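Take a look at the structure set out below.
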Amino acid sequence: MVGDIGERGRTKLCEAMQRVTARRVAGLVAAVLSLLAEQCWADGGGPSLAERVIWAVNAGGEAHVDVHGIHFKKDPLEGKIGKASDYGVRLPILRSSPEDQILYQTERYNEDTFGYDIPIREEGDYILVMKYAEVYFAQSQQKVFDVRLNGHVVVKDLDIFERVGHSTAHDEIVPFSIRRGKLSVQGEVSTFNGKLTVEFVKGYYDNPKVCALYVMKGTLEDVPKLQPHPGLEKHEEEEEEEEDSEGGEEGGKKKVSPGTKSRVQSGPRTPNPYAADNSSLMFPILVAFGVFIPTLFCLCRL
């Protein structure tokens, strides 16, 4: 009798362990599948670039669909604030594909600070892309302004001509994230209420402007690059060689010129070399097998 009770107790205990282990294994398998799904999305199996764009506007212009399938809406500020200009349509825009030059040829400017409100309802990592081209001024220090994102200055003293020259496409790219009601951008954090406000701030030199802009889900590596600018790249190479020579003369200490230090590139320099690292996927798989094998052994003993 006592032996039967002990045997039944062991059987119930083993059954309980099996149920608990089965739930844990199922949870681990679900986690592994989730990680695999995320990896497939990162490898190109997820939404297209156009599907990840949540808001896009052709400032000062009509609706347009670019070569990537992004649908830019007609400017919602038309007749409300600022002035629309198509002065740039008479000029070819360097670094831009022929089909999308209109995104750099039209613009909206204002004699005071102005901006756009963008609703964002989901948490995640986002990218703000702002498109510019200087089609009027032929030298630097003629149009200089800041860009704010919900009060955070994300672009300081933007001088389009100083960055890339005349009638040349330039993209300012600002990554940010939204999590638990907080906006994080460039190391700063603030409360987020579901609305992203992009402001072009009046400075001492002329009026702020923007040609086009969009917000997408993703990372810097997901943003399409502009065509190369041979003149700009050559200038950068000369500056780097100058820095190297100065570094050799001063015992390896590099001296960076103010212009080089403040220059911001149009688009990301290189893709993240660790983006395709799958080593993190192996840990949950090994843990799942580590739990499953002892459980299988216990079942076989019964």
Side-chain angles (χ1 to χ4, degrees), residues 49-50 52-78 82-110 114-118 126-137 143-149 154-176 196-201 206-218 220 222-229 232 263-268:
L49 173 65
R52 280 179 272 173
V53 173
I54 65 170
W55 188 92
V57 159
N58 181 22
E62 299 295 324
H64 175 77
V65 180
D66 74 357
V67 294
H68 304 288
I70 299 175
H71 292 254
F72 289 83
K73 299 184 297 182
K74 180 180 178 180
D75 194 341
L77 296 185
E78 182 64 36
K83 298 178 182 179
S85 172
D86 61 356
Y87 183 83
V89 297
R90 68 192 73 187
L91 300 170
I93 305 298
L94 301 177
R95 304 185 73 194
S96 175
S97 61
E99 299 86 350
D100 293 335
Q101 294 203 5
I102 191 63
L103 294 175
Y104 298 92
Q105 291 171 326
T106 63
E107 63 184 55
R108 178 164 298 279
Y109 68 92
N110 192 36
F114 76 103
Y116 295 84
D117 291 331
I118 305 167
Y126 292 88
I127 300 289
L128 167 66
V129 179
M130 296 168 286
K131 297 181 176 293
Y132 297 98
E134 182 53 70
V135 296
Y136 186 77
F137 294 110
K143 181 187 290 291
V144 183
F145 58 95
D146 296 345
V147 180
R148 288 195 303 237
L149 194 65
V154 293
V155 181
K156 182 70 174 176
D157 295 333
L158 176 58
D159 187 333
I160 305 165
F161 185 91
E162 192 275 335
R163 298 285 176 90
V164 294
H166 191 265
S167 60
T168 303
H170 173 68
D171 287 358
E172 285 288 336
I173 301 171
V174 180
F176 65 94
L196 190 74
T197 300
V198 183
E199 293 179 294
F200 307 95
V201 184
D206 202 63
N207 304 312
K209 76 168 192 176
V210 65
C211 295
L213 67 162
Y214 66 87
V215 174
M216 62 172 287
K217 270 195 168 185
L220 287 172
D222 302 321
V223 180
K225 294 182 180 180
L226 291 172
Q227 296 177 8
H229 188 313
L232 185 61
R263 180 170 286 111
V264 178
Q265 295 301 313
S266 298

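As the structure is a computational prediction, the values presented were derived from the model and not from experiment.
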Do Val57 and Tyr116 have side chains that approach each other closer than 4.5 Å (heavy atoms only, starting at C-beta)? yes
Under a 4.0 Å N-O cut-off, is there an ion pair linking Arg108 with Glu78? yes
Has Asp86 got a side-chain atom pairing as donor or acceptor with Val89's backbone, closer than 3.5 angstrom? no
Student check: side-chain heavy atoms of Val215 and Val53 closer than 4.5 Å: no
Would you name the heavy atoms of Phe200 and Leu213 that are closest together and state the gap between them? CZ-CD1, 4.3 Å
Check salt bridge (Lys or Arg N to Asp or Glu O under 4.0 Å) between Asp146 and all other residues, then give those that pass, not counting sequence neighbours. Lys156
Given side chains that start at C-beta, do those of Met130 and Tyr214 come closer than 4.5 Å, heavy atoms only? no
Is any side-chain heavy atom of Glu199 less than 4.5 Å from a side-chain heavy atom of Leu149? no
Enumerate the residue pairs fulfilling side chain to side chain donor-acceptor pair (under 3.5 Å) with a member in residues 53-66, sequence neighbours excluded, ordered by first and then second residue. Asn58-Thr106, His64-Asp100
Salt bridge present between Asp222 and Arg52 (N-O < 4.0 angstrom): yes
Under 3.5 Å, is there a donor-acceptor pair between the side chain of Thr168 and the main chain of His166? yes
Using the salt bridge (Lys or Arg N to Asp or Glu O under 4.0 Å) criterion, which residues pair with Asp157? Sequence neighbours excluded. none
Does the side chain of Phe161 reach to within under 4.5 Å of the side chain of Lys143, using non-hydrogen atoms? no
Do the side chains of Val129 and Val223 get nearer than 4.5 Å, heavy atoms only? yes
Check whether Gln101 reaches the backbone of Ile93 with its side chain - one donor and one acceptor, N or O, closer than 3.5 Å. yes
Donor-acceptor pair between Lys83 and Tyr109 side chains, under 3.5 angstrom: no
So Ile70 and Leu49, do their side chains get closer than 4.5 Å, heavy atoms only? yes
Are there over 12 heavy-atom neighbours, none belonging to Phe137, within less than 6.0 Å of that residue's CZ? yes
What heavy-atom pair brings Gln227 and Arg95 nearest, and what distance separates the two atoms? O-NE, 3.0 Å
Just by modelled atom types, is the Val210 backbone N or O under 3.5 Å from a matching donor or acceptor in the Lys131 side chain? no
Do the side chains of Val201 and Phe145 get nearer than 4.5 Å, heavy atoms only? no
